[in-house]
Amino acid sequence: SVSVLSDRITFADVNWEQVPKSPGVYVIYYKKDEVIYVGMAGRNGKGNLRNRLRDHRSGQIVNMFAQYLFLARVQFEVPDRITHPRDAKSACHKYIVGRCSFRYRVTGNGAQARILESELKKALKPTLNP
């Protein structure tokens, strides 16, 4: 359940030293209460929450969260059509830092993270997850 997640941390104010380098799940929120994405870190024994969430904060379009965010929202926020990946990254970064926050939970391994991710997706119905 959602009660097992960390306190909410804004992408604007995050202290990365406090985000664990461990497998786990995370929930990304838009503004106060819209759940827009649920994800996991630790797939195939690689990756961790700190790196995954930092990647998301960067706005890199290579990750699925930024792709969905860009396609569903960010591209419509700017007056001119964004055609260059660098501009897309910059626009996503600005959107995420300005409006988004996250909560997370550490799990023992990637397999546990995947199960919890699936449960959270069903319970929270995030806007941007497929």
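Quick note: residue numbers are just sequence positions, from 1.
Partners of Tyr29 by ring pair (Phe, Tyr, Trp, His ring centres under 6.0 Å), not counting sequence neighbours: none found. Scored by the side-chain contact (heavy atoms from CB on, under 4.5 Å) test, Ser118 finds Lys122 as partners (sequence neighbours excluded). Judged as a salt bridge (charged side-chain N to carboxylate O under 4.0 Å, His left out), and not counting sequence neighbours, Arg57 has no contacts. Ala12 meets the side-chain contact (heavy atoms from CB on, under 4.5 Å) test with Thr10, Val97; sequence neighbours excluded. Listed by chain and residue number, nothing satisfies the ring pair (Phe, Tyr, Trp, His ring centres under 6.0 Å) test with Tyr68 (two or more places apart in sequence, or in another chain). Residues satisfying the side-chain contact (heavy atoms from CB on, under 4.5 Å) test with Asn48, not counting sequence neighbours, are Lys21, Arg50, Asn51. Under the side chain to side chain donor-acceptor pair (under 3.5 Å) criterion, Thr127 pairs with Glu34, sequence neighbours left out. Contacts of Tyr26 classified as ring pair (Phe, Tyr, Trp, His ring centres under 6.0 Å), with partners at least two apart in sequence or in another chain: His56. Taking Thr107 as the reference, Pro23, Gln112, Ala113, Leu116 meet the side-chain contact (heavy atoms from CB on, under 4.5 Å) condition, with sequence neighbours excluded.
The list of ring-ring contact (aromatic ring centres under 6.0 Å, His included) pairs with a residue in residues 92-130, not counting sequence neighbours, reads Phe11-Phe102, Tyr30-Tyr95. Among residue pairs with one or both ends in residues 74-86, those qualifying as side chain to side chain donor-acceptor pair (under 3.5 Å) are Glu77-Arg99; sequence neighbours excluded.
Smallest separation of non-hydrogen atoms from Gly39 and Glu117: CA-OE2, 3.4 Å. For the pair Ala88 and Ile82, the tightest heavy-atom approach, listed with the atom from each and the gap, is N-CG2, 3.5 Å. Residue Val25 comes nearest to Leu49 through the heavy atom pair O-CD2, 3.7 Å, listed as atom of the first residue, atom of the second, then distance. In terms of heavy atoms, Ala66 sits closest to Gly59 at CB-O, 3.7 Å.
Annotation: side chain of Val38 is in contact with side chain of Lys121 (closest heavy-atom distance under 4.5 Å). Side-chain contact check for Ile36 versus Arg73: some heavy-atom pair is nearer than 4.5 Å.
Considering CD1 of Ile9 and CZ of Arg103, their distance stands at 10.0 Å, rounded to 0.5 Å. Expressed to the nearest 0.5 Å, how far CG of Leu128 lies from CD of Gln67 amounts to 12.0 Å. In this structure, CZ in Phe76 is found 8.5 Å from CZ in Phe70, a value given to the nearest 0.5 Å. From Ile28, atom CD1 reaches atom CG of Leu124 across 12.5 Å, with rounding to the nearest 0.5 Å. Separating the NZ atom in Lys31 from the SG atom in Cys100 is a distance of 10.0 Å, to the nearest 0.5 Å.
Under a 3.5 Å cut-off, the side chain of Arg8 and the backbone N or O of Lys32 do form a donor-acceptor pair.
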- [ ] Test side chain to side chain contact (heavy atoms under 4.5 Å, CB included) on Gln60 and Asp55 and set out the steps.
- [x] CA-CA 7 Å; Gln60 280 283 21; Asp55 280 353; 5.8 Å; no
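Hydrophobic clustering of Ile, Leu, Val, Met, Phe, Trp and Tyr side chains at less than 4.5 Å, counting indirect connections, unites Ile96 with Trp16.
Atom CG of Asn15 sits in a crowded spot, with more than 12 heavy atoms from other residues, nucleotides or ligands closer than 6.0 Å.
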